[in-house]
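Have a look at the structure below, then the notes.
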Amino acid sequence: MSAIAENLARIRSEIGQNVTLVAVSKFKSPEQILEAYHAGHRDFGENRVQELVEKAEKLPKDIRWHMIGHLQTNKVKYITPFIHLIHSIDSEKLLTEVQKQALRANRSIDILLQVFIADEPTKFGLDDNECLQLAEKIHQGLYPNVRLRGLMGMATNTDDASKIESEFRHLKSVYDQLCSTFPTMPIDTLSMGMSGDYPIALRCGSNMIRVGSAIFGAR
Ligand SMILES: *Cc1c(COP(=O)(O)O)cnc(C)c1O
């Protein structure tokens, strides 16, 4: 077995059936992605539009591509024809553009709202109230080609496990609030946890983790 296949098998066995593992393949070559693909993996995440589009063109069409990085409105149109899930909706302006391009592509697009939970000023995301307000607008039917599936968040990059845990617990509480406020919406996805913190995220209720270096090796 290749190292990539071994890493995937180990992580899959740790996380169980009900958690989706998104293999974060940014900076990785198509050959490395194919190694994971041939080990049966289908969900891959990228954080830059150009790299995502180039890889999607080259690689097998049954790959489910996840956009996990900050998305500029002028680039939305390049991914809307094929993207499986956009994790990084962090403004109403971006949501409006995704609706417009989804309509043009004649499809419905699954999205997550990215919530700001870290205490690092550089990370993108909505605050709790903005998140609930956008969900309310989607619920009212203002974005008919967008399906809200849940939330995504990134914890502070720190060795302090208790701090990470309290940030993830906070995101889980916003997620629970979303589920109970909008019981008729198809909300079922809480994307939190990366290579360094996914065991904590899973304890806090994550059901989708985004893992790069623990699968493909450090950059
Ligand atoms: C790079 C990245 C990851 C994966 O990070 P690793 O530490 O390599 O697992 C997860 N989520 C986002 C948004 C990323 O940009």
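Remember, it's 1-based here, ligands and their atoms both numbered in the order they're listed. The figures that follow rest on heavy atoms only: side chains count, while hydrogens, waters and symmetry mates do not. Model, not experiment: these values are computed from the prediction.
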query: Among Arg64, Lys26, Lys55, Lys28, which residue meets the salt bridge (charged side-chain N to carboxylate O under 4.0 Å, His left out) test with Glu46?
result: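 Answer after filtering Arg64, Lys26, Lys55, Lys28: Lys55.
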message: Please check: side-chain N/O of Glu130 versus main-chain N/O of Asp127, any donor-acceptor pairing under 3.5 Å?
response: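 At least one qualifying donor-acceptor pair exists.
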query: Which class fits the ring pair His70 and Phe124: parallel under 30°, tilted 30 to 60°, perpendicular over 60°?
result: parallel
- prompt: Using a threshold of 4.0 angstrom between heavy atoms of the protein and any atom of ligand 1, which residues qualify?
  reply: Val24, Lys26, Ile68, Met154, Met194, Ser195, Arg210, Val211, Gly212, Ser213
task: Determine whether more than 12 heavy atoms belonging to other residues, nucleotides or ligands lie under 6.0 Å from atom CG of Asp62.
output: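 It does: Asp62 CG has more than 12 such atoms within range.
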message: Enumerate the side-chain hydrogen bond (donor to acceptor under 3.5 Å, both in side chains) contacts for residues 191-202, please, sequence neighbours excluded, ordered by first and then second residue.
response: Glu14-Tyr198, His87-Ser191, Ser191-Arg210, Ser195-Ser213
- request: In plain terms, say whether Glu97 and Lys77 are close enough for a salt bridge, that is, a side-chain N and a carboxylate O under 4.0 Å apart.
  value: no
